[in-house]
Structure formats: C-alpha cells, structure tokens
> 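For reference, the structure I am asking about is given below.
Note on naming: letters A, B, ... go to the chains in the order of the sequence lines (proteins, then strands), and numbering restarts at 1 for each one.
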Amino acid sequence: MSRYDVQGRLELEDRLRKTVQPEQGRIPFFTYTDPGVHDLEIERIFGRDWQFLGHVSEVPNPGSFVTRRMGRENVIVGRGDDSVVRVFLNACRHRGMTLACEDFGEVNNWRCPYHGFTFGSKGDFLGTFMGAPFERVAYPEGLDRDALHLIEARCEIYQGLIFATWSKSGPSLDDHLGNVKWYLDLLVGKAEMEVVGHPERWMVPTGWRLPAENFTSDAYHTATAHSFLSRLNMVKGADFGREGYHVNVGNGHGLGVGVHFDEESYFPKELEDEYRANLDEDQFRMLSRIKNLHGNAFPNFTFLVPNFIEVEGRRVTGLMLRTWQPVAPNQTQVWSWHLVEKNAPEWWKKLGKRMYTQTFSSSGMFDQDDTEVWEAQTRMSDAALYREEEVFLHYGMGMDLPTLDKSEFPGPGDVYDGKFSEEAGRTFYRVWLDRLLEAKK
Amino acid sequence: MSRYDVQGRLELEDRLRKTVQPEQGRIPFFTYTDPGVHDLEIERIFGRDWQFLGHVSEVPNPGSFVTRRMGRENVIVGRGDDSVVRVFLNACRHRGMTLACEDFGEVNNWRCPYHGFTFGSKGDFLGTFMGAPFERVAYPEGLDRDALHLIEARCEIYQGLIFATWSKSGPSLDDHLGNVKWYLDLLVGKAEMEVVGHPERWMVPTGWRLPAENFTSDAYHTATAHSFLSRLNMVKGADFGREGYHVNVGNGHGLGVGVHFDEESYFPKELEDEYRANLDEDQFRMLSRIKNLHGNAFPNFTFLVPNFIEVEGRRVTGLMLRTWQPVAPNQTQVWSWHLVEKNAPEWWKKLGKRMYTQTFSSSGMFDQDDTEVWEAQTRMSDAALYREEEVFLHYGMGMDLPTLDKSEFPGPGDVYDGKFSEEAGRTFYRVWLDRLLEAKK
Amino acid sequence: MSRYDVQGRLELEDRLRKTVQPEQGRIPFFTYTDPGVHDLEIERIFGRDWQFLGHVSEVPNPGSFVTRRMGRENVIVGRGDDSVVRVFLNACRHRGMTLACEDFGEVNNWRCPYHGFTFGSKGDFLGTFMGAPFERVAYPEGLDRDALHLIEARCEIYQGLIFATWSKSGPSLDDHLGNVKWYLDLLVGKAEMEVVGHPERWMVPTGWRLPAENFTSDAYHTATAHSFLSRLNMVKGADFGREGYHVNVGNGHGLGVGVHFDEESYFPKELEDEYRANLDEDQFRMLSRIKNLHGNAFPNFTFLVPNFIEVEGRRVTGLMLRTWQPVAPNQTQVWSWHLVEKNAPEWWKKLGKRMYTQTFSSSGMFDQDDTEVWEAQTRMSDAALYREEEVFLHYGMGMDLPTLDKSEFPGPGDVYDGKFSEEAGRTFYRVWLDRLLEAKK
Amino acid sequence: MTGAGEAVDLATRIQIQDLYSHEAELLDERRWEEWLDLFAPELEYTAPIRVTRKSPHPDTIDELGHFDDTKMSLALRVRRLRTDVAWAEDPPSLTRRLITNLRIRPGDDADRLQVRTNFLLYRSRGDLGAYDLIVGERQDALRREGDSWVIARRRSVIDQASMSTKNLGIFL
Amino acid sequence: MTGAGEAVDLATRIQIQDLYSHEAELLDERRWEEWLDLFAPELEYTAPIRVTRKSPHPDTIDELGHFDDTKMSLALRVRRLRTDVAWAEDPPSLTRRLITNLRIRPGDDADRLQVRTNFLLYRSRGDLGAYDLIVGERQDALRREGDSWVIARRRSVIDQASMSTKNLGIFL
Amino acid sequence: MTGAGEAVDLATRIQIQDLYSHEAELLDERRWEEWLDLFAPELEYTAPIRVTRKSPHPDTIDELGHFDDTKMSLALRVRRLRTDVAWAEDPPSLTRRLITNLRIRPGDDADRLQVRTNFLLYRSRGDLGAYDLIVGERQDALRREGDSWVIARRRSVIDQASMSTKNLGIFL
Ligand code: FES
Ligand code: FES
Ligand code: FES
Ligand SMILES: [Fe+3]
Ligand SMILES: [Fe+3]
Ligand SMILES: [Fe+3]
C-alpha cells in the first residue's frame, strides 16, 4: 500500500493494524519515517507515556531547574521551594511565551519576559511583574489565579531518575518501569550518582525509534557495524558480544547484559561497600559479572554500560543515559548524559569520562557508525514511502527460544541465554502498536 | 483536541468554531501555528482582504513600478502610462514566469524573459518579443489578447497608501478602512509624505498574526518586554504607556494613542501650516497631543509613531509603516517603511530617520525583544500542536469597560481611557474567525 | 479551486480530471508544484514508468556497479558476475540500510554495514558477514534465503541505454520507447559511445516537469531566453531555431530537430564509416543534416545535441543525456551525462566536451537562463496554490497543423515543419494525466 | 591592482589585521565596552539596505539602513545589553565572526586609511541546531590615534535583500 | 611542513595575498573585465566533478567538470553577462567570497608558483532570505609577469558531490 | 589591544599562520598520520559543551565535552579510520576548513604561545546537496620544538548548544 492511499487517521490506523506484525518478526518499512505515524507517536506516545527527563543531581537545591524536552515540547523540571521536584510545560499561561529560557538555573520564580506574568516555583501564578497596583489598573476585576497555574505534568522519581507523563490516569511510574527497575538499580541505584557537567545534545537525521530499538535488542550489529574492534584487536575472542543474556523485560523495555568470567568485579573496589549497601545479594553478584549492559526503557530512555576497556593500566567504563527526542520523522535530538558514582576514586571518574566520551559521545567511535546507519535507513524509508507494494523488514532473530529460569539468571523478565535475540524488539513493537491504536487514553 | 483528530478542512472549521472565543477572551493555542489554519488564512484572508502594498511616492512616474507581496504572492504595483496605479499578479500569462524581476524600476512594458510575451503598463498583452512576423509563424491563428491580459487585483488608494485585494465583489477600500481613516490622516494625511529609501525586509520565525495583534492592542507588554526603558531611565514616570487611549476601531482594526500634556505639539513647528491645511480641527488638536501611536489595520498593516525621544536637543520620532507577510505558519517576512513629511526641515528628517532605525528597524532596540518573544511563542505553539487537551490563551484585559464619548475623545471607534485594553484584539479575532469560516466570498 | 478545497486523493483526482485540458492547450498552474500532484507522480509515474539510469559503458565489467535514482529512490545498477545488468533497490532486506554507499565501484558482493547481511551480484542473499557458524547461533532455524533476495526492478537496455521500471506487468521497454528509438539511434546508436568521466549532479529549485517539457517541445523559448546568442552575433540569420522539425513522437515523447543546408555533415568525417555501419540510409542522411536536436522521452529522460559551434577552426557539439530527478515539488536533482563516440578523433572529444560544458553543464550559458526561469515559475506556482480561481497556462502553439509525410521527413512520429509547436508537449500532458488517474497498474 | 601591500608598510598592515581579529574577539566574547573603545568619537555606523535591481543600477540604498548609529547611540545599545532585561540577547547568541580579505587603501590624508574586509557572522540560538549566517563587507575609515588606529566610519554591506536573521541584536 | 613562508619571500607572499583579495573584490563587484586581466592568455580554468567513493579511491573526476574554460571562453561569458539578456545573473546575485588558508609552493621554475586557497562563496538571490554556499579549494598556478603575477591555471575543487546552487552563473 | 604583532616576531607569526593552513590541508586531505605529527606527546584535546545561560553565566561546560582525547587516543581514532570498516567516514565526508582570525599571545614561558583561531568547517556527505557547518574557535597552546612548533593543547569551542552535525567523525 502506498502512502498515497492513506487519506487520514482512520486509514492509517487500519494500515498499521494490518501490516505491523511483531510476533511474526515483520515490521513494514514505511513506519520508520511516515509523517502520519510520527504525528501519532507524538500524540499517543510522547503525549501519554512516562519519559525520562534528568537526574536529581541536576536540580540539587530549592529553586534549581533545568529545561528539558518531552517529545516536541519544552518543559521545566524544577525543585520547588518545598524541595519537591515538579515538571511544567515551559509556556506562560498568558500567551504561551517560553518562561524559562535557560538550559538550567536557579530562581525564585519565573517571570515571563513578554508581559511579566510571574509564576512561583510550585507553578502557582503569583501576579504580574509590575506589581499589584499596576495589575489592578489592567485587570480591575482581578485575574483568575487558579486558571493561570502552570500546566503541570505528573512527575515521579525512581533512584534519582526523574520521569514525567502528561497522562493523568495512566499507570504509575513504578508500574510502567516494572521489571526494569531491578536493572536500573545496577546502574544508578548501586551508589550515589551525579551527572557529570551537562548532557550533550546534537541532531541526528534519523527517526527516534531506530536508536531506541537498537539499544533495546540489537546486540548482533556490533560484530559488523563496530567491527573495527576486531580489526584493531581491541576485543579478545570472537564472540562479539554474544556472550551474555538477552532480557525481554516487559512493557516494551529490553536489554542485554554482557558478562565476564573473571574472579573480580570490574567495578572499583573502592566502592564495593557502597554497592553492597544499596543492592541486594543477587544484584551485587550480577554487578560483579557485568562486562557491558545496553538497554532501553520504552519509549526512548536508553542506558548503557559500555564495554569495559583497559586504559592506563585500569579497567574502566563510563555510564551513559540517553533520550532520543523526536523532532521530525527524520530528525532526532540526542541527549546524552554521563553519570558517575559521587564517591568514586579520581581515576575512575577521569578515565571513565574519557572512555565514555571516546566511545559514546557525538565523537564516540561507536556512535559514529550508528548515526551513519540510522540516517541511511531513514533516508531509504523516506524514499520508499510511495512504493505500492509493502516492504517488510526482518525482526526474526531468536524467535520461540526457551527462557532461562531464576536459578540460571537472577534478574526479572524473560531472559535468554546469549545476547542474540530480538525478542525484546518484538515486544517493543507490540507495545508501540498498541499505543498508536489507542484512540483515547 | 489534538491536531491529529482533524482530518480535513471541515473538521478544522468545526474546531475553530468551537474553540475560538474572542468575546470570552479565550483563543486556543493551536491557532498560532497550525498549518491548516495558515492555509485557510492564505485562502480566505490574504486571498480576499484589502492589503497595504506601498506608498504613491514609490511609483512617482508613469512606468514606475515596485514589486510587492500579497500574502505568498508576488505582485507588480505599477503606474501606467495613463498615470493610474494598478496591481497585477507578477506572473506571465503564458507559463507563469515572474515578469518583473526587480524590486523597483521604470519601464515601458514588461517583457517575459522566457518566451518574450510582453505586457503593457496597463496589463494588456502587447505581443511577443520577436515581433509580429515571428509571432505569426508560431501562432498563425493569432493569440487571444484578452485572455492574456495580466491578472489584475482591485487597487485603491487612500491618502497615498496603496491597497489591493483579489476580491472582486468585496467592500470598497473606504468601507474596509472605515474609522481607521481618521487616524491614518494623522499619520500620512497631515502632510505630503514620502518613503525614505526603500522598505527594509527581513525574515522572522513567527506567524504573521502575533506581530499584527501586538500592534493592534498590546500596550501592556511595553512595561515588561521593553523595560530597558525604565532600567536606563529613558522614560519619565512609571505609567509605561498606559496614559492615553485604546481604540477598538472596528473591522478588526485597533490602535493605541499615547498623549502628552505639554503645551506645545511635539511635531515640528515648521510644518504646522501644512498640517492645519490637511487636517480638521479635531484631528489637528489630537496630533498636537500625540506622544506615540501604535496600530494595525486588519489583517497585517501596522502603523506606528514611536514614542518621541529627545536627541541632540530636539524632540523627534520616525513614522513607521509595516506589513507582516505570511511565508509559513512559523515564518514571516517583515516589510518596514519609514516615511517622512516631504517639506520637513532637515533636522526632523535626519534625526527622525535615526530614531526610527535605532528603535524599530531590524536592529531596533524595541524590535529585537519583540522578535525574540514572537519566535518563542511560535515555537511553543508548534510543539504543542498534538497535545490532547485544548490550551487556551488569555485575551481578557479590559473586558466590559465603558467607552468614552465624543466629548472626551474626538476620534471615531470605541475609545477607552488608558491604553491597557485588549478590546481591539478581541475584535481582531472575531473578524479573523468570521473570515476563516466564510467558505465562499 | 483552491488547494484547500482538496481534502484527499479522490478530490485531487477529480480536480485534475476537470482542469487538465492538454488538447485545448490549457494546463492549470497548480499542477506545477502542488504537493499532492507531486506525490501522485512519485507513486504512479516514478513508481511505474521506464526510467533512464545510465549507459552500459559505466558498468563495463562483471561486478561493476553504479548507484542511481529512480524518482526518490536509490538503486544499484550492477553487472552481475554473469555479465547481465540488473537493477536493485539499494536497501538491505534485513532492516533497509543502504547497501552500496558509493557512486560507483566494483565488487564481488554487497555487504551491509549494519549487521553484515550479504548479497551477491545477482541480488541473491548470500548469508551474514560473520559466516555460517555465527549465523547458526543467531538464526538456529536458518534464514529464508528467497525472501531475502534484493528487491529487483525490471531492467532493459536499448542501444547501451539502461532503463528500469518497478512495474512488473507494464509494457516492454521497446513498446515504451516506440518511435523515439529511431532518434535515439542517431544519438547513441550511430557509434560505440562512452560516458565521459561521470554525470554531473546538482540541485535546481524547480519541479521536474518544467525542464522535461521544455526539452519535449519548447523550441520557441530560445529566441528570448537565450537571446544572448543574437546579441553576441553567435547565430547567423534570425530564425532562432525555428528552422527544422517538431516531432510528436508518441507515448509522451517529443523532440525537435534543427537542420542545416550545408553540403557536408557537421559530424566528424573520421567516424563516417562507423556511422554508416550502424544507421540505416534514412538515419544516416538525417544525421548529416543535423545542426541540433533536443528531446525528452517520457517522463524525465532528456537528450540533446547542442547547436554546433565553431571553435578553434572546427565545428563541434557535445552530446548530452539528462534525467530530472524529483526530490520535492519544488526541488529537482539534475543528472547530466556527456557521451562521446569512443573511436572519435581527439579534437572532437576535447572540443566537444568543452562545448558541452560551456553551454549545458551547471555553468552552461544556456542552462543558467533555463534554471533561473524554472525556479521562478516554480515559485510563482507555489505562491498561487491557494488562489480561489483556477489560473490556466498557455500551451496552444501549433494546434491543428498538418503533419509532414514520410517523403518530406524520414523519421517516425507526427512530424511538423518548423520547430515552433507544442504538440508533443500537449501529448506529454495527456500521457501524464492518464498516468496520474490510473489508480492501479 | 590596489592591495594592502602598497598603501601601508608591513607593520601597519599587521597592526590593522590584528585590530580586526581583536575586534571580532571582543564582540564574540561580548566585551562591548572594550569594543566601543575601538571607535572614534565622530563615528558613523551604518548598514545600507540591499535591493534587487538589474545591472547597472546600484543594489544598495543608503537613504535607509539596518543601522544608523553614532558612537553615542552604540554606547546606549551597550548599556541596554548590560541590563538584565535585554531579552533579545540574554541569553546571548553564540556568535563567531570570520574576518577575511583585508584590503587597505590610502585615506584622505596620511592619517587616514580606507579598509575593507569581508565577514561571515555565524549566530546560533536555541537548542535544535539552527543557525543564521550574516555575510558581507565592512567598509571602514580608520584614523590614526597616537600609534594606534581607531575606526571613524563603518558601512557594513550585508549581502541579502531580505535578511535571514530575526533581528540585529548583535553588532556587525 | 610546506608553508608559504618557505617558498617565497615576504613581499611576494603579501603580493599574492593581496592578489586574491583583489580578485574577490573584482568578482563581488562584477568588474569582470578587470578580473579577466588577472589571467594569463594560456589559462586553463576547470572544476572537477566530485564523487562519493570509499577510501582510498579518488573523489574527484577530472575527465568532466563544472567548468572547462580558456581565457577566451571566459571572455565570452563576460561579454554575455554584459548584454541586457543574461537573465541568470541580471538582476545579479549578491555574492561574497571569503578567501583563506593561503598556501604558496614552488612551481616548475623560478617564475612559477603553486598557490592554494580555500574559498567560501556566499550567494543570495531573491527576497525570502535564502542563500547558497559554495565551498572548496582553488588550486592555482601563478606565473610571474613583470613584477606582478598572473593566474595561468585554476582548478577549483567544489566540496559537494551534488552541488546545491542552481547554476554556476558566477565565477569560482 | 593584544594582537599577534606584539607577542611574536614576524617570522614566527608567518610560521604559525602556515602551520594552521598546513594542518587544515592535512585534515581536508585525510592525511591523518601527518596531522598527528603536529601534536606534542602530552596533548590534551578537548571540546567543551555549550549551554544556553543568561549573562554573565559561562556558556561553556568543561566538565564534559564532545572530545576528551590524548595523542594516544587520537592515534587510535586514526588507526580506526584506516580500517575498511570505519563506516561513518568511509566513504569520507568532503570537508573544508577555513581558518581565520589568528591571534597569538605569549604563553607561560618563552617557548610557549597561546594561539587562537576561528574556524568554519564545511562538511558534505551524500548526494542531495546538503551540508553541515561547524563553526567555532580553537584555543591552542603551542610549544617550541626545535625551530618549529607543536600543538600541546587544543580546546575547540563549537558555537552551538545542540550540534547540527550527526557525529564528530571528523577532527576539529
Ligand atoms: S505571554 Fe507571558 S506574560 Fe504575556
Ligand atoms: S512564460 Fe512568459 S513568455 Fe512564456
Ligand atoms: S540492515 Fe542490513 S544487515 Fe541489518
Ligand atoms: Fe552500535
Ligand atoms: Fe514591542
Ligand atoms: Fe533553454
């Protein structure tokens, strides 16, 4: 079916219903960049789902705020003078002007530069800039303060990770994250974490879903896309990342864990006590075996422990968190955070940051190849939007395989032996499809 | 309602009908940048309404022409060899090539560069460039000269201001302008005026309506948006532009007049006689009290007497006319004219131009802040297009206030004491809505 | 009718049906740039019609390939290890990644950079990069090799010209070309030809149809658009390209032949024998009279023998082939090939190339004016999309003229005396309209 | 051919080249008060409007401009930028000025020089990768002031008939 | 490292630098006849096509180019531009050439130099704020002519496989 | 005013100017191994993140960057680029670096200089006329090494809070 036969929302929903077949490992090509699909995603995924916005260390004090994106929209993540973190649409209630124009800052209130409408750190309308006498002249009958409260999103925090959703009636963050919490503990729950500097941002000409699904369940691409590793003898053995586990976490979340068989944990000894204090026994043992870990929580929250590398005689890695913000069907803004344990030794902080930057920032040796591929897929899909026959893509790796049981792997979710599976990717697309077809939340 | 639920024109009209509530001071956010709304505006406002194109001093002689925009379209404003000013679509009747490729010029006829079809200064088809013999070979049966007449818009002139409309059956310019004529007299009817140099043009990433409504009825923003004035002690007192009158002129036009209480008129004594000769008594007295005057004639014709400023021992201002040409839902081309009294003394011309340029050109200290705000509003609206709940903006200043009567203020329209009112803005939106819902003219 | 009244595909088809009147010499302005029309063209013309892709000399050896465009899509034109030329969608069957990332090259197979899926030179899936053992781990049940065959277009070759179509059931290339073959023989069948260097590519802000129809039947524009020729006394006489024949070839193809009345052929004597061996008597005689020849095979394959010019004491021309690739309603990518007889003398090669480059490359003195015009037409059409009354363009040159018979002109098609006719242009639009209204092929 | 080499000695040439690099740095770092010091008190600071005309009509209109400033009015602009309410440039644009094609020619007397440079002004604001380019030529008159030079006149010719930056909240 | 400092003396270096600034000015001001004077009679003026190839294949194709001109054909182009029917560039584009990264190297003999410069050519037309950039490298051969230099060969390498300006109605 | 003229003698100035032209050529021609030779073994190669803040808050964040490299890690990047699987830059981008606004200032001792330059990096890939611009300032520390100079530190300040190029597979 060509895009041209789809005249409106209802016909698009029909086409999706007929052609998206995650359980058969078949996803139609047009979904990568179809503008109508993108608009649906903005409304029904980014307008409703829990989205990652930042880390509590970025808003340390009452009055601290950062401005972030939820899909196409700009929001303020602010710690109120009551120390509670809240999320507001960054639009003045008067005429929609951007209220906070900085990436971050510390303020007592937000005063709109256009007409001076002013809002407190809890989102409450405080009055106009020029003060009560002036306001009384302009609005002799007064202003309806309640109606002018900032538009607020539901905000919840898990292990220092700040999430928000526009949905008033949807599941709690806890329910949304579900089993992925166990794994997030390994990344950011194991110790007091802090964001290093500020997230890096850049634009990649891809749809947001290609990177998200890559981190969800694509361990296989490493052997080819990142084969410089073997060319330069930077990896030992030829398993190329198969060794480990694929986890279909549920709710569209997915991840892969690469493990090592050394005695010692690769994480710094200096932090062992803190880790132990924060993790349960199973988790601590898992942490000690981690060589790398990639994953994505639906829809666009990616997390990564890059493969440990030896540098200056130390074995290091640098934790990464990411979101893929949809800007257009073929345009995504990357937000990439580097976090580190606050109490870590200097060498771990310095070398970990360096490793992170060299492998997974905008100049990262891995990121480079991935962005090249995602752009190319996006362009090919764009070009094919008006093809008359449906082109199907292949999502069939690891179908109908047995899961491990608890005794073999302690973490929750459907766990598979070896990272080569796209089971979580298929669930990602199932959840995605269900969301898109859900007319009213 | 999200944009996604609107599948076509009829549903969009429905949404507008339900949500645009000027009389309640409520305008929905999506109208700022919705592409469907923009298209409707192009068809039903810029395709039908009277639009300002320039001043007669720009086409002084038979054969003089300027090229201008009416919405997205390019037109020739030309003075024919019979001295009549006419307006033509700047498209060759053969294959639509741009006929006049200069911003202005003086010609006997327009010859199309593609195949040489040539049109006289009255829009009549004159034949092809290569002359009759050549033409006879190509078109042995001859060409239908009437059918090849340039597409002509209705053109009328008020006080040297050239307007045109594509509508053949709509109201006259006189009826369209209505009460605003009294005020335009104060600006351009009071003396022989001339355009200084050429209008400045630049692109602003905003919809055209935000600037238009700002000049219609937004006196309030000055105190905040332009508060550098008070920071730098450039204004005396703290009334911030309240002092004066708000006028809901009718037909969607609106303006505000700031007045002073000095004995003497701020306008140059040297021109007093000319002013008196051209204005009636009421108008002359009003002119003598003017400190500033901002306004907009529906849809996009803005006029401004910037606040008088003292410079080099003189009190000066520099008259500005503007149009906001819609290029895209979030892209507007500004056209900004500076006019001056032809018979004015040199100091008034020189300092007035300087003041105009420093305050209201692309580098103008006022314009800067305004463009920043309009872009931000536009971006926020764009981002919010797919939100499911309707976001309403606040247009509620000065509702249900009494109007002054003729004895208190001599000008026509509904006049309010003090400039802080959005009454004209509400009428602007009422007229706007009615236009958009008028399927056939 | 304004664009706004057209809510979907069906209404657009209606509008086209009512307003496109090639036989009356009337084409509505909106068709130049209407986005819906463009989308229809992509689906129903570029998705179905035979398109020129290159010349066999560009893929000389088994394994040679070039990457080309068919409308918006990227394809591989490759010579298989069996020496057969095939055309494939340049998208990996796994997840749609671009397979061949070079403009040309020589390979044994195409290995996808993302996950290593590898395809043979006949388009067959060969397996994954890492080899069978690796693949067996990832896909224990094996991969369906047939389903993973590259998407292949029908490819046929005429006189070394490579064409392809996505249509499986449409006419053969032979039927599609029809009468134009006789003329193509004169250009590329008369001798062994080779592409010089590589086609030049650049972007022109026009729809693809304006250049295509120009070469189909617009001999008339030369006198005006390229009147520098007469200004600089570069042409003798004032016929300006009328002298010659207009040919409505059929199937939407059209061309014009300019002839000279000199004794001798303008083509190099050195090649006479080769010409004779490859052409029939009529064709050879025609070749000897050719002064210039312009034409276009539907939809977007342009060919040109630029007017012979004298340089360094020699009379030369430089053969040009072109395609106009649609990128957007107002954006076209030009592909411009220069070909020359392989066995030609050096002076012919060197001077012919120079003449081609100076007249018809991106810097060509003719091309410059044409691109300027096409852009302007495109912009005017774009601006007029929302006008309420239909604007019709004039395609009425040479209506109802008698055709020459075989004794007067040996070539096939409807031939008219003198190049000033738009008969072929009207047929171009008839074919175009029929294609657009053909819902299913 | 009139080039810099002929109008001035090498030391002066280098001095002037450095003056422009220095000026660009001051502007890109928003050190406006120091920037003002580079100008003579009698400064005329203008930027003509460009128009589309056929040859050989001029394509600049000096009767009206994007700027029409004196040193005093520039100083006012700077004072304004230093308030906390100069919204258009606070947060400031990230800018970079590339100054090239230095051409030095004799001025009206030995203490004056005509200096032309080409400029590309890159300006980014906001967070989605957009940027503006403002490109053109500066036509300056320099006046000797002790052993240094001050800019006594600047006419900045922007190469667009319709400027593609939303405002000139930044200096040329 | 091969830099200008080693190939020529300072005076020559400055002379050449000024030559390029002067040339750009002539072109941006459309003083084409004076511009032609900068070239030697034997001029070859070319611009290879760029292609996308994997390393280490060359990414230029000299067999065909965007330009393939002699001094005589350039003169013809200029004469054409001076007619009143050179539509593509009348009204003319507003252009600005930024010439940087001057590199001077010895030529075949003492009277010849190889000179490379990078260029950014900014071009705007029309009225809605659009512009084109043409960026690349000029590879020139200069020949001494009296106490001046003329350009005997120019190969302009444009850094795009598919050029994003609608025509090269302007000179590189 | 602090300009190059005062910090170093003319020969050094020219030497440094040529160093930067040479460096740009090496990068644009992908002669990365030779490029590496321009750097000192102790090299720190960084590029801070830019943020949107109100004045007078700093708009650079050095705690995290687009690059955080040593000479050894740059060498690894180069080795990677020389494999046949460096997809991001093979086929390579067509690039051109315009280096302008040279400013030389004294370093910590006589053998050290602080050098700033502005850069515009033009990058095109693919076949539809698109390109990226990366614009900013290089802040280098140079160290004398025999009669030449090596780059001991480079901090490249990119003028965008959200970079508009898909990756930094190319060097700044
Ligand atoms: S838009 Fe914020 S106060 Fe008016
Ligand atoms: S388009 Fe004007 S004469 Fe043909
Ligand atoms: S996309 Fe080609 S192998 Fe996966
Ligand atoms: Fe990867
Ligand atoms: Fe304002
Ligand atoms: Fe032509």
> Quick check for you: among A:Gln377, A:Glu375, A:Glu372, which has the greatest number of heavy-atom pairs under 4.5 Å with chain C?
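That would be A:Gln377.
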
> Going through the distances and angles, do A:Val37 and A:Leu16 end up as a side chain to side chain contact (heavy atoms under 4.5 Å, CB included)?
CA-CA 9 Å; A:Val37 170; A:Leu16 288 168; 4.2 Å; yes

> Against chain C, label A:Tyr395 side chain, backbone, both or neither, depending on which of its atoms sit under 4.5 Å from a heavy atom there.
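Its backbone and side chain both get close to chain C.
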
> Under 4.5 Å heavy-atom distance to chain C, tell me which part of A:Asp400 shows up: side chain, backbone, both or neither.
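When you check distances to chain C, no heavy atom of A:Asp400 falls under 4.5 Å.
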
> I'd like to check the side chain to side chain donor-acceptor pair (under 3.5 Å) partners of C:Thr323; sequence neighbours left out, ordered by chain and number.
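C:Thr323 satisfies side chain to side chain donor-acceptor pair (under 3.5 Å) with C:Gln325 only.
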
> Determine the option with the most heavy-atom pairs under 4.5 angstrom with chain A, choosing from C:Val137, C:Asn74, C:Thr128.
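Heavy-atom pair counts peak at C:Val137.
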
> Between A:Asp382 and C:Arg72, is a salt bridge (charged side-chain N to carboxylate O under 4.0 Å, His left out) present by the stated rule, with each step listed?
CA-CA 8 Å; A:Asp382 239 358; C:Arg72 288 189 189 143; over 6 Å; no

> Angle between ring planes, C:Phe104 versus C:His198, binned at 30° and 60°: parallel, tilted or perpendicular?
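Because their plane-to-plane angle lies in the 30° to 60° range, the rings of C:Phe104 and C:His198 count as tilted.
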
> For the rings on C:Phe163 and C:Phe301, is their centre-to-centre separation under 6.0 Å?
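Yes, close enough.
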
> Tell me, side chain or backbone of C:Tyr139 under 4.5 Å from chain A's heavy atoms, or both, or neither?
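The side chain, not the backbone.
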
> Ring pair (Phe, Tyr, Trp, His ring centres under 6.0 Å) with C:Trp110: which of C:Phe119, C:Phe125, C:Phe65?
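Looking at C:Phe119, C:Phe125, C:Phe65, the match for C:Trp110 under the ring pair (Phe, Tyr, Trp, His ring centres under 6.0 Å) is C:Phe65.
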
> What residue in A:Leu210, A:Leu401, A:Asp370, A:Val373 has the most heavy-atom pairs under 4.5 Å with chain C?
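When all of A:Leu210, A:Leu401, A:Asp370, A:Val373 are compared, A:Val373 has the most.
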
> Between C:Glu13 and C:Arg44, is the closest basic N to carboxylate O distance under 4.0 Å?
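The answer is yes: the pair qualifies as a salt bridge.
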
> Does anything in residues 94-103 of chain C get under 4.5 Å of chain A by heavy atoms, and if so which residues?
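Residues in range: C:His94, C:Arg95, C:Gly96, C:Met97, C:Thr98.
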
> Report which part of C:Asn90 has an atom under 4.5 Å of a heavy atom belonging to chain A: side chain, backbone, both, or neither.
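Contact with chain A: backbone and side chain both.
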
> Please classify the contact between A:Glu422 and chain C as side chain, backbone, both or neither, with a heavy-atom cut-off of under 4.5 Å.
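Interface part for A:Glu422: side chain.
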
> Hey, is A:Arg430 close enough to A:Glu23 for a salt bridge, meaning N to O under 4.0 Å?
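Yes, charged N to carboxylate O under 4.0 Å.
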
> Does NZ or CZ of C:Arg209 fall inside the cone over C:Trp324's six-membered ring, less than 6.0 Å from its centre and within 45° of the axis?
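No, cation not above the ring by the 6.0 Å, 45° rule.
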
> Measure from NZ or CZ of C:Arg15 to the centre of the six-membered ring of C:Phe30, then state whether that distance is under 6.0 Å and the direction lies within 45° of the axis.
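C:Arg15 over C:Phe30 ring: yes.
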
> Hey, which of A:Asp218, A:Ile27, A:Asp369 has the most heavy atom pairs under 4.5 Å with chain C?
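Ranked by heavy-atom pairs under 4.5 Å with chain C, first place is A:Asp218.
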
